Amino acid sequence: MMPKIACSQIKKDSLFLHYLLAKDEHRDAITLISQLQTRYPDTTQQRLELPYWKGLAFYSLKKLDSCTFYFSKVNASSQYFKKSVFLSGISYSYLRNINQAQKLFLAVDAKDSLTRAIRTFELAGLNLLNRNLSVFDSLKNHFSEEYYPLQKQQSNFSDYREIIQKQQRKSPLKAALLSAILPGAGKIYVGGQLGQGISTFIQNAILGLQAYEGLRKDGVSSPRFIIYGGLFSLFYLGNIWGSALSVKIKRQEFNDKIDEQILFDMHIPLRTIFN
């Protein structure tokens, strides 16, 4: 049996640790936990849930590599084990280690309906991040409307799926062809403002007309035709190339923004359910 003095000290250490965490003094909490890990044997560390609290402190500080390490040390018998797995999974998702996140979510013991609903939701989010829309659709069919903390985010996921599909339909080749046929049209197709497309068209039209007038009046060797013809060719080809490139740039900007929204929505139910 552990001596009363030792039990009293353990209780004091535990109370002080929880005080630091409650005050959001996460760095001090990590320092204290490190000291306690050298002071107490593994059995006492597990009883105090030190791996979980250290992982949670790193998680709160957004030190995701560190938090996943300590969450992995949480004992399977711990009351915080399931929460640790899910928080570790969302951390790997933010780190873009989708395969590891998926392994963790799939390994969750989902005997109860709430855990199954959370796991399905998180896996659906991962497949949106990976743009696996067919797998997402399959998981979406198993969404549960029973749990309020999941309802809004599940609806958001469905909206994101439609937006992603529309974005994927936009083609750099089509943007280039439209710009070749009608300068400025590719920019409008990509998602630019109408004024931007009209401005591009006017620039090319003016240069093209000047080049044509130089050719018609002064011939192919005239300085006027050579200058305006060169400028028209430069602007015309630049308009085609720029439109194709704009699709890729817009797609990357879109992907970054939608991924941020997906990750945010993946995190909200975990924070609500497990707090």
Side-chain angles (χ1 to χ4, degrees), residues 58-65 67-68 86-102 104-105 117-141 143 148-179 184-200 238-273:
F58 275 118
Y59 181 81
S60 299
L61 293 170
K62 295 182 173 59
K63 303 292 185 180
L64 302 183
D65 284 320
C67 84
T68 56
F86 276 113
L87 291 183
S88 190
I90 194 66
S91 298
Y92 277 119
S93 301
Y94 272 105
L95 291 168
R96 295 302 195 273
N97 191 341
I98 304 301
N99 290 336
Q100 185 61 29
Q102 184 167 285
L104 285 172
F105 291 143
I118 300 171
R119 183 177 68 177
T120 299
F121 171 78
E122 297 298 332
L123 288 170
L126 292 180
N127 279 282
L128 278 182
L129 290 172
N130 267 349
R131 306 299 188 258
N132 293 329
L133 300 186
S134 59
V135 179
F136 169 81
D137 290 340
S138 177
L139 290 164
K140 179 186 171 183
N141 291 333
F143 277 174
Y148 178 75
L150 292 170
Q151 291 175 5
K152 173 61 176 174
Q153 275 61 52
Q154 287 176 165
S155 177
N156 287 348
F157 276 7
S158 297
D159 293 340
Y160 300 154
R161 185 247 186 267
E162 298 307 314
I163 296 170
I164 287 169
Q165 187 174 45
K166 289 179 182 177
Q167 182 67 23
Q168 287 180 337
R169 291 193 186 116
K170 293 190 176 181
S171 162
L173 178 59
K174 186 174 180 179
L177 288 173
L178 286 171
S179 288
K187 294 186 180 296
I188 297 173
Y189 164 77
V190 170
Q193 295 180 352
L194 180 62
Q196 186 181 19
I198 293 173
S199 174
T200 300
N239 153 68
I240 295 172
W241 171 250
S243 296
L245 187 62
S246 292
V247 173
K248 296 181 180 179
I249 294 173
K250 286 279 187 181
R251 184 175 292 169
Q252 186 59 52
E253 291 175 349
F254 167 83
N255 285 335
D256 291 342
K257 183 177 180 180
I258 202 75
D259 284 353
E260 184 178 337
Q261 292 173 331
I262 292 168
L263 287 164
F264 180 74
D265 279 337
M266 287 174 68
H267 181 230
I268 287 178
L270 299 183
R271 186 176 59 190
T272 303
I273 293 168

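Fair warning: this is a prediction, and the values are worked out from it, not measured in the lab. These numbers come from the heavy atoms of this one structure, side chains and all, not from hydrogens, waters or symmetry mates.
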Interatomic distance, [X] atom [atom1] to [Y] atom [atom2] [nearest 0.5 angstrom]:
X: Leu129; Y: Ile164; atom1: CG; atom2: CD1; result: 8.0 Å
X: Cys67; Y: Ile90; atom1: SG; atom2: CD1; result: 10.5 Å
X: Asn127; Y: Leu133; atom1: CG; atom2: CG; result: 9.0 Å
X: Asn156; Y: Met266; atom1: CG; atom2: CE; result: 13.5 Å
X: Asn99; Y: Asn97; atom1: CG; atom2: CG; result: 6.5 Å
X: Leu139; Y: Leu123; atom1: CG; atom2: CG; result: 6.0 Å

Q. Any side-chain heavy-atom pair from Lys166 and Ile163 closer than 4.5 angstrom?
A.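 SC-SC contact between Lys166 and Ile163 ruled out.
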
**Q.** Note, Ser93 side chain near Leu263 side chain (heavy atom, < 4.5 Å)
**A.**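 Yes, their side chains come closer than 4.5 Å.
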
Shortest non-hydrogen separation from [X] to [Y] and the atoms involved:
X: Gln153; Y: Phe121; value: CB-CZ, 3.4 Å
X: Ile98; Y: Asn130; value: CG2-ND2, 3.5 Å
X: Ile262; Y: Phe157; value: O-CE1, 4.0 Å
X: Ala101; Y: Gly89; value: CB-O, 3.4 Å
X: Ile273; Y: Pro149; value: CG1-CB, 3.9 Å

Q. Mind checking what makes side-chain hydrogen bond (donor to acceptor under 3.5 Å, both in side chains) contact with Gln102, not counting sequence neighbours?
A.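 For Gln102 there are no side-chain hydrogen bond (donor to acceptor under 3.5 Å, both in side chains) partners, ignoring immediate neighbours.
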
Q: For Gln261 and Asp265, test the side chains for any donor-to-acceptor distance below 3.5 angstrom and give the result as yes or no.
A: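 Asp265 and Gln261 do not have a side-chain donor-acceptor pair below 3.5 Å.
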
(Q) Main chain of Gln151, side chain of Ser155: is a donor-acceptor contact present, judged purely on distance under 3.5 Å? (A)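 Answer holds: no.
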
Q.
If you apply the rule side chain to side chain contact (heavy atoms under 4.5 Å, CB included), what do you find for Arg96 with Asp259, and how did you get there?
A. CA-CA 10 Å; Arg96 295 302 195 273; Asp259 284 353; 3.6 Å; yes

**Q.** Phe136: ring pair (Phe, Tyr, Trp, His ring centres under 6.0 Å) partners, not counting sequence neighbours
**A.**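 Partners of Phe136 under the ring pair (Phe, Tyr, Trp, His ring centres under 6.0 Å) test: none.
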
Q. Going through the distances and angles, do Arg119 and Glu122 end up as a side chain to side chain contact (heavy atoms under 4.5 Å, CB included)?
A. CA-CA 5 Å; Arg119 183 177 68 177; Glu122 297 298 332; 5.9 Å; no

Q.
For Tyr94 and His267, take the angle between the two ring planes, folded into 0 to 90°, and tell me which bin it lands in: parallel under 30, tilted 30 to 60, perpendicular over 60.
A.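 Rings of Tyr94 and His267: perpendicular, as their planes differ by over 60°.
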
